[in-house]
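First up is the structure itself, then whatever we jot down about it.
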Amino acid sequence: MTSATRHVRLSKASLGEVEREAVQRPLLNTFLGMGAEVKAFEEGLAAYLGRPVACVANGTAALQLALQGCGVGPGDEVLVPSLTYVASFQAIAATGAMPVACDIREDDCMIDMRDAEARMTPRTRAVMPVLYAGAPGPLDEVYALAGRHGLRVVEDAAHAFGSMAGNRLVGAGGDIACFSFDGVKNITSGEGGCVVTDDAAVMARVADARLLGVEKDSAARFSGQRSWDFDVTAQGWRYHMSDIMAALGRVQLARRQELADRRQYLARLYLSELKGAARITPVLKSVDGIIPHIFPVRLHGVADRDDLRRRMRDQGIETGVHYRPNHTLTLFARPDAAPLPVTDRVYPELLTLPLHPDLADDDVAYVCRALMSMLS
Ligand SMILES: *Cc1c(COP(=O)(O)O)cnc(C)c1O
């Protein structure tokens, strides 16, 4: 129980009257499946990113279908940082391929490409960098390694909608990028996600696979029809997006700048509040060009993070831990694999502070004061 008068949520969607009105549209015209709203959301995303986009049911499905669109499957291996949401690992495993847990860089918690290269085998087919907290991380190194060895790159950009990678938007270049629009991401469609790539063959396979492998069914659905006489040549899933989700996503896409500006502003407040705190190191050192999805910090000299989280909770402050490393999960543990010393060292020190567009300015000061007083 908490005696605090304030309740600071870790993350939440920012929803208003426009969103509530938008989701009425599919309800009123009684078309709830994948139709004109999904088509319009895809077109809006494609116009923003400058590349073809396929919307799907969630970010995990986007990752799975992107890999499968590249032909990744049983017997293949995919390099991925251990410090990511289990979605990345499950998406790889769902294709029949094996996720190979890689260590991270100490400074930004992103995949360490030297470690990743050392874990390559003749079965390595792809690398899945995770754009942790919304930053691009070592994407240049990822593409350099992929280029040398002919690997596909599927960027887990679930955190990074709206962020820049060099002088372009994340998703506007590179091989394949996957976004998530789940309820707490930078923009949301309730649940949802998308695949972005210039590779027309991958795009065609993703478009069919989201509708049970029914060939060219997407075009029919977008015009309010469906295919009756069709062929199926590959495994598919029921992974399409519905018009209800897309109607919400379209409003959030239109609001993206406002939502992004607020996240950046709040992260900069955190950075200035925490500047003098010797035992707290923000993972993001700057948010220039970055739309931060989460605000993780590293705590130094804290023996019991769970106890600290309980005491924050008593002050009404929710915190998170992004993430339990996947190589410590029963399903993905590989006792024979080389150790991941940086991940093992950093993980117990990670704490995620509240960040979402509806957070008040003085919530940031309140959170920082509470945390700093516990560490003094
Ligand atoms: C949210 C997320 C996903 C999966 O997206 P869903 O839409 O929840 O399926 C994948 N990877 C990371 C790092 C995420 O944060």
Inset, instruction - Report the hydrophobic cluster partners of Tyr347, with the cluster defined as I, L, V, M, F, W, Y residues connected by side-chain heavy atoms closer than 4.5 angstrom, directly or transitively. - result: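 So far as hydrophobic clustering goes, Tyr347 is joined with Val321.
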Inset, instruction - Starting from Leu28, walk the hydrophobic network (Ile, Leu, Val, Met, Phe, Trp, Tyr; side-chain heavy atoms closer than 4.5 Å) and list everyone else you reach, by chain and number. - result: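 Listed partners: none, Leu28 stands alone.
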State whether [X] and [Y] are salt-bridged, where the test is any N-O pair (Lys NZ or Arg NE/NH1/NH2 against Asp/Glu carboxylate O) under 4.0 Å.
{"X": "Arg114", "Y": "Glu117", "answer": "no"}
{"X": "Asp306", "Y": "Arg310", "answer": "no"}
{"X": "Glu77", "Y": "Arg119", "answer": "no"}

Inset, instruction - Please work out which of the three classes, parallel, tilted or perpendicular, describes the rings of His159 and His322, given edges at 30° and 60°. - result: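 It falls in the perpendicular class, over 60°.
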Inset, instruction - Specify whether Phe181 and Phe41 have parallel, tilted or perpendicular ring planes, treating 30° as the upper limit for parallel and 60° as the lower limit for perpendicular. - result: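 Rings of Phe181 and Phe41: tilted, as their planes differ by 30° to 60°.
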Inset, instruction - Give a yes or no answer on whether the side chain of Asp76 reaches the backbone of Gly73 with a donor-acceptor pair at less than 3.5 Å. - result: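 Yes, the answer is positive, given that a donor and an acceptor are paired below the 3.5 Å cut-off.
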Inset, instruction - Please answer whether the main-chain N or O of Leu375 pairs with a side-chain N or O of Arg279 as donor and acceptor at a distance below 3.5 Å. - result: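 Yes, Arg279 side chain to Leu375 backbone: donor-acceptor pair under 3.5 Å.
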Inset, instruction - Output the distance between atom CZ (Arg255) and atom CG (Asp261), rounded to the nearest 0.5 Å. - result: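 Atom-to-atom, Arg255:CZ and Asp261:CG are 12.0 Å apart.
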Legend entry - Any side-chain heavy-atom pair of Tyr239 and Thr60 under 4.5 Å: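 Of all side-chain heavy-atom pairs linking Thr60 with Tyr239, none is under 4.5 Å.
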Legend entry - Single hit among Arg210, Glu42, Lys39 for side chain to side chain donor-acceptor pair (under 3.5 Å) with Ser218: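 Between Ser218 and the candidates, side chain to side chain donor-acceptor pair (under 3.5 Å) is satisfied uniquely by Arg210.
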Inset, instruction - Evaluate the criterion salt bridge (charged side-chain N to carboxylate O under 4.0 Å, His left out) for residue pair Glu318 and Lys12; output intermediate values, then yes/no. - result: CA-CA 11 Å; Glu318 295 180 8; Lys12 74 180 271 294; over 6 Å; no
